[in-house]
Amino acid sequence: MKYRCLLFDLDHTLWDYETNSREALTDLFREYQLQEKGIDNREFINTFEKINNEMWDLYDRGLLHRDAIRNERFHKILLTHSIDDYGLSLRISHDYLIHSPKKKNLMEGCREILDYLFPKYPMVIVTNGFDEIQSTKLSSSGITHYFKDVITSARAGFKKPAKEIFEFALQQNGFSAPDALMIGDNLLTDMAGAQNAHIDTVYFNPMNLKHNSPVTFEIGKLTQLKQLL
Ligand SMILES: [Mg+2]
């Protein structure tokens, strides 16, 4: 293979955002005794996932400021369950941001593929997540040492899908676009973003979602990267 450098997305690609979020939400559900406020744990998680995905999608499209995710996410969730308590929502939000990144679950095959790739390629994380939170996720799940660099949108001054964050990641590490391959789960931020920077792509699509985006490669399991790299 012609590639000399691998760029990886973090959330939903390596770090198992869904499982880790569900564990943190279940802890918070108990801690804040939300059952006694008439909420069901499963419904609380479902509402979180729906509202969180909508807000991240707006953020990725440049239609929402990151502080709105932090300050409004749990207020919207509680309102859905007929609880109008902004103070409570801020306390839950604060605790969620502390607890969730400390969860350790990785996507299936993650450690196996990183062990395989580590001696062969320099690897760089390119992420739109919040700075300190992304580094906590890497260290708590024990995968920091696999990566030569971590490029966050705050550090680059641009967020995916802007081509500039990919160009910044390459420039910081001494590579150019034809050297690199971007691996991620998001068709807009990861795939269209890398294509904007003329970087080849691997679409990680574990749910086998239908799409007609022009990705270079597509995989359903991380370990399938062994056949490409
Ligand atoms: Mg992702």
Side-chain angles (χ1 to χ4, degrees), residues 6-24 48-64 66 69-70 73 96-97 100-101 103-111 113-114 117 123-141 143-144 146-147 149-156 158-163 165-166 168-169 180-197 199-211 213 215-225:
L6 304 180
L7 307 179
F8 272 97
D9 170 53
L10 181 59
D11 289 336
H12 305 279
T13 297
L14 300 174
W15 195 76
D16 186 347
Y17 190 100
E18 246 84 48
T19 304
N20 291 321
S21 263
R22 286 174 189 173
E23 285 186 8
F48 173 89
E49 289 178 353
K50 180 170 178 290
I51 289 174
N52 189 54
N53 287 341
E54 286 168 1
M55 293 184 90
W56 270 99
D57 191 53
L58 289 171
Y59 173 76
D60 288 337
R61 290 168 194 279
L63 300 171
L64 194 69
R66 55 175 263 176
I69 297 180
R70 290 187 167 196
R73 180 167 50 184
Y96 174 79
L97 290 170
S100 175
K103 300 290 182 185
K104 304 169 193 299
N105 298 287
L106 295 167
M107 298 299 285
E108 185 190 343
C110 175
R111 202 173 295 276
I113 199 63
L114 292 178
L117 295 171
M123 297 188 279
V124 174
I125 295 279
V126 182
T127 174
N128 278 357
F130 307 128
D131 274 24
E132 60 289 357
I133 289 179
Q134 299 310 74
S135 73
T136 304
K137 289 174 182 173
L138 287 164
S139 59
S140 52
S141 61
I143 59 171
T144 308
Y146 291 108
F147 297 95
D149 203 356
V150 179
I151 305 294
T152 61
S153 44
R155 193 176 146 206
F158 294 90
K159 63 188 175 70
K160 300 183 288 186
K163 66 176 182 178
I165 184 171
F166 297 95
F168 179 83
L181 183 64
M182 173 72 202
I183 300 127
D185 71 291
N186 189 299
L187 285 171
L188 172 69
T189 54
D190 301 321
M191 300 295 100
Q195 282 153 11
N196 286 341
I199 294 169
D200 282 357
T201 52
V202 178
Y203 178 37
F204 174 48
N205 184 11
M207 305 295 282
N208 200 20
L209 303 173
K210 294 254 179 298
H211 70 94
S213 299
V215 300
T216 317
F217 304 103
E218 180 164 338
I219 56 172
K221 286 177 187 279
L222 289 174
T223 47
Q224 286 173 268
L225 287 172

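Excluded from the calculations below are hydrogen atoms, water molecules and symmetry mates; all remaining heavy atoms, backbone and side chain alike, are included. Predicted, not measured: the structure shown is a model, and the values here were computed from it. Remember, it's 1-based here, ligands and their atoms both numbered in the order they're listed.
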Open item on the list: Under a 4.0 Å threshold between the charged nitrogen and the carboxylate oxygen, would K50 count as salt-bridged to E54?
Closed with: yes
Open item on the list: Tell me every residue that passes ring pair (Phe, Tyr, Trp, His ring centres under 6.0 Å) with F147, counting only those two or more places apart in sequence or in another chain.
Closed with: none
TODO: Please list, chain by chain and in numerical order, all residues satisfying ring pair (Phe, Tyr, Trp, His ring centres under 6.0 Å) with Y203, sequence neighbours excluded.
DONE: H211
Open item on the list: Tell me how many protein N, O or S atoms are within a distance shorter than 2.8 Å of the Mg ion (ligand 1).
Closed with: 3
Task: T152 versus Q134, side-chain donor and acceptor atoms under 3.5 Å - done: no
TODO: Output all residues satisfying salt bridge (charged side-chain N to carboxylate O under 4.0 Å, His left out) with R66, sequence neighbours left out; order by chain, then residue number.
DONE: none
Task: Non-hydrogen side-chain atoms of D185 and D190 separated by less than 4.5 Å - done: yes
